[in-house]
2 protein chains.
Amino acid sequence: MKYSKATNYALHTIAYLGLLPSGKAIGVKPLAEIQKVSPTYLSKVLTTLVKAGLIVSAPGVKGGYRLIKGVEDITFLDVVQAVEGLNPLFHCSLDNHVHDNENCFIQQTMNEAEKKMEDHLHSQTIAQVLKKIDQRVSDYLKSEAG
Amino acid sequence: MKYSKATNYALHTIAYLGLLPSGKAIGVKPLAEIQKVSPTYLSKVLTTLVKAGLIVSAPGVKGGYRLIKGVEDITFLDVVQAVEGLNPLFHCSLDNHVHDNENCFIQQTMNEAEKKMEDHLHSQTIAQVLKKIDQRVSDYLKSEAG
DNA sequence: ATATTATAGACTCATCGAATCTACAATAAA
DNA sequence: TTTATTGTAGATTCGATGAGTCTATAATAT
Ligand code: SF4
Ligand code: SF4
């Protein structure tokens with residue numbers, strides 16, 4: 001079990017967008033170049049973020065992607081769920097309702113555990129990334145922006 | 001991202017073993033029958049639990065699987081990690097060490113979140129499953145034991 | 001109009017979960 | 001010691017899905 005690469009790309013892209021001057025958009029090409037991924041694929045990932053309401057996109061010459069909300073209002077959970085979806089990590093194997101799913105302690109425990117993880121992801125914002133990010137990372141991202 | 005079916009089988013099997021009289025072993029066939037999975041595949045899953053030190057196996061006529069420790073000493077985390085492994089859910093995409101991995105807030109946050117989940121899984125034991133398990137489940141398991 | 005940029009869909013490829021099959025090793029009971 | 005029983009290991013298969021490519025299309029600023 002592991003997070004998809006798409007989640008990785010999404011998190012990094014959001015952080016990168018947070019470094020831009022407010023309201024400024026940037027195309028997928030430089031974003032893809034930094035992360036060493038193909039533009040078309042990254043675009044596909046970013047489109048899911050658009051649909052999730054985290055960023056907006058605009059075609060055309062001065063188009064690209066930009067944040068909607070401030071980075072202090074975007075949580076890790078927002079990004080992770082936008083990419084990974086909302087299905088629980090653990091799912092009961094029995095389709096037939098032999099068991100009382102409501103009161104099943106196995107499901108309950110597994111879901112509670114997942115919730116703990118989600119709670120933490122919800123408590124951390126992208127703003128904190130930009131604050132605490134290692135200076136070298138910031139410099140690197142800025143230099144790659146060209 | 002989701003837990004494998006193997007984790008599901010493992011959790012249920014451990015719970016089932018916990019229902020047996022102390023020290024008694026049971027073969028893979030009834031275990032597989034209850035969970036509607038092939039014996040050979042379940043055996044493969046259980047072998048990983050053997051290697052993880054959660055259960056012991058014995059070949060031969062009166063052989064089978066049985067628990068080593070009491071159910072109050074087996075945590076969800078034990079079972080989950082035995083099957084899913086120890087690799088973190090999130091892994092940095094950059095091989096080259098352009099960034100300071102130690103201080104990266106993205107990795108840090110994702111790993112902390114995973115740890116929250118693990119902490120909860122560590123706090124819950126199989127004993128609690130057997131205590132809180134819905135009576136119908138218990139009855140079902142026992143009846144299937146034949 | 002035209003260059004630029006995002007989007008959508010079909011498609012490919014590799015990986016991995018899930019499972020099967022078979023051969024083999026170990027053990028208790030006869 | 002033989003024999004039936006049971007777990008183990010390896011090779012192999014199958015399908016789903018993550019990851020990515022390619023191409024065509026739509027939208028927009030200049
Ligand atoms: S014990 Fe819980 S998780 Fe397992 S089959 Fe029953 S309801 Fe599902
Ligand atoms: S920002 Fe963190 S997770 Fe991303 S590439 Fe750098 S070290 Fe890795």
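Note that these values count all heavy atoms, side chains included, but never hydrogens, waters or copies made by symmetry. All chains are named by letter (A, B, ...) in the order of the sequence lines, taking the proteins before the strands, and each is independently numbered beginning at 1.
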Q: Which residues pass the side chain to side chain donor-acceptor pair (under 3.5 Å) test with A/Thr13, sequence neighbours left out?
A: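 In terms of side chain to side chain donor-acceptor pair (under 3.5 Å), with neighbours along the sequence ignored, A/Thr13 is linked to A/Gln35.
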Q: Taking only residues two or more places apart in sequence, or in another chain, which ones meet A/Thr75 in a side chain to side chain donor-acceptor pair (under 3.5 Å)?
A: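 Checked A/Thr75 against side chain to side chain donor-acceptor pair (under 3.5 Å); matches are A/Asp78.
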Q: Starting from B/Ile106, can I reach B/Met1 by hopping between I/L/V/M/F/W/Y residues whose side chains sit under 4.5 Å apart?
A: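 Linked within one cluster.
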Q: Distance only, no hydrogens: is a donor on one side chain within 3.5 Å (strictly under) of an acceptor on the other, for B/Thr125 and B/Glu72?
A: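 No, no side-chain donor-acceptor pair sits under 3.5 Å.
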Q: Enumerate the side-chain hydrogen bond (donor to acceptor under 3.5 Å, both in side chains) contacts for residues 53-67 of chain A, please, sequence neighbours excluded, ordered by first and then second residue.
A: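 Output for this query lists A/Ser43-A/Tyr65.
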Q: Taking atom types as modelled, find out whether A/His12 and A/Asn8 have a side-chain donor-acceptor pair closer than 3.5 angstrom.
A: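 Yes, A/Asn8 and A/His12 have a side-chain donor paired with an acceptor closer than 3.5 Å.
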Q: Which residues within residues 61-71 of chain A lie with some heavy atom under 4.0 Å of an atom in DNA chain D?
A: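 Those residues are A/Val61, A/Lys62.
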Q: Rounded off to whole Å, could you give me the CD1-to-C1' distance for the B/Ile55 and D/dT6 pair?
A: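 Rounded to whole Å, this separation is 14 Å.
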Q: Which pairs count as side-chain hydrogen bond (donor to acceptor under 3.5 Å, both in side chains) when at least one residue sits in residues 47-56 of chain B, sequence neighbours excluded?
A: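 The answer is none; no pair qualifies.
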Q: Quick check: closest heavy atoms across B/Val129 and B/Ala15, and the distance to 0.1 Å?
A: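 In this case the closest contact between B/Val129 and B/Ala15 is CG1-CB, 4.4 Å.
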Q: Return the polar atom pairs (N/O with N/O) between nucleotides 16-19 of chain C and the protein under 3.5 Å, or none.
A:
| from | atom 1 | to | atom 2 | distance (Å) |
| --- | --- | --- | --- | --- |
| C/dA18 | OP1 | B/Lys5 | N | 2.9 |
| C/dA18 | OP2 | B/Lys5 | N | 3.0 |
| C/dA19 | OP1 | B/Tyr9 | OH | 3.4 |
| C/dA19 | OP2 | B/Tyr9 | OH | 3.4 |

Q: Among pairs that include at least one residue of residues 107-123 of chain A, which meet salt bridge (Lys or Arg N to Asp or Glu O under 4.0 Å), considering only residues two or more places apart or in two chains?
A: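 Sorted result for residues 107-123 of chain A: A/Lys115-A/Asp119.
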Q: Of B/Leu46, B/Val79, B/Leu17, B/Leu67, which meets side-chain contact (heavy atoms from CB on, under 4.5 Å) against B/Leu54?
A: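 Running side-chain contact (heavy atoms from CB on, under 4.5 Å) over B/Leu46, B/Val79, B/Leu17, B/Leu67 with B/Leu54 returns exactly one hit, B/Val79.
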Q: At a heavy-atom distance below 4.0 Å, what parts of residues 45-52 of chain B sit against DNA chain D?
A: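 Going residue by residue through residues 45-52 of chain B, the ones with a heavy atom under 4.0 Å of DNA chain D turn out to be B/Thr47, B/Lys51.
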Q: Using the C1' atoms of the five pairs at each end, what is the angle between the end axes of the helix from C/dA1-D/dT30 to C/dA30-D/dT1, to 10°?
A: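 Answer rounded to 10°: the end axes differ by 20°.
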Q: Under 4.0 Å between a side-chain N or O of B/Ser57 and OP1 or OP2 of D/dT8?
A: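 So the side chain of B/Ser57 is within the cut-off, an N or O lying under 4.0 Å from OP1 or OP2 of D/dT8.
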Q: If every non-hydrogen atom of A/Ala25 is compared with every non-hydrogen atom of A/Leu20, which pair is closest and at what distance?
A: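 Scanning both residues completely, I find the closest heavy atoms to be C-CD1, 4.4 Å.
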Q: With no hydrogens and no angle check, is any side-chain donor or acceptor of B/Thr109 less than 3.5 Å from a backbone partner on B/Phe105?
A: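 Yes, because the side chain of B/Thr109 sits within donor-acceptor range (under 3.5 Å) of the backbone of B/Phe105.
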Q: Anything under 3.5 Å between a protein N or O and an N or O of nucleotides 12-14 of chain D, put it in a table, one pair a line.
A:
none

Q: Under the side chain to side chain contact (heavy atoms under 4.5 Å, CB included) test, which residues partner A/Ala113, sequence neighbours left out?
A: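 B/Met117, B/His120, B/Leu121.
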Q: If you take all heavy atoms of B/Asn111 and B/Pro88, which pair is closest and at what distance?
A: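 Result for this residue pair: OD1-CB, 3.9 Å.
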Q: Can you name the side chain to side chain contact (heavy atoms under 4.5 Å, CB included) partners of A/Pro39, sequence neighbours left out?
A: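 Partners of A/Pro39 under the side chain to side chain contact (heavy atoms under 4.5 Å, CB included) test: A/Val28, A/Lys29, A/Ala32.
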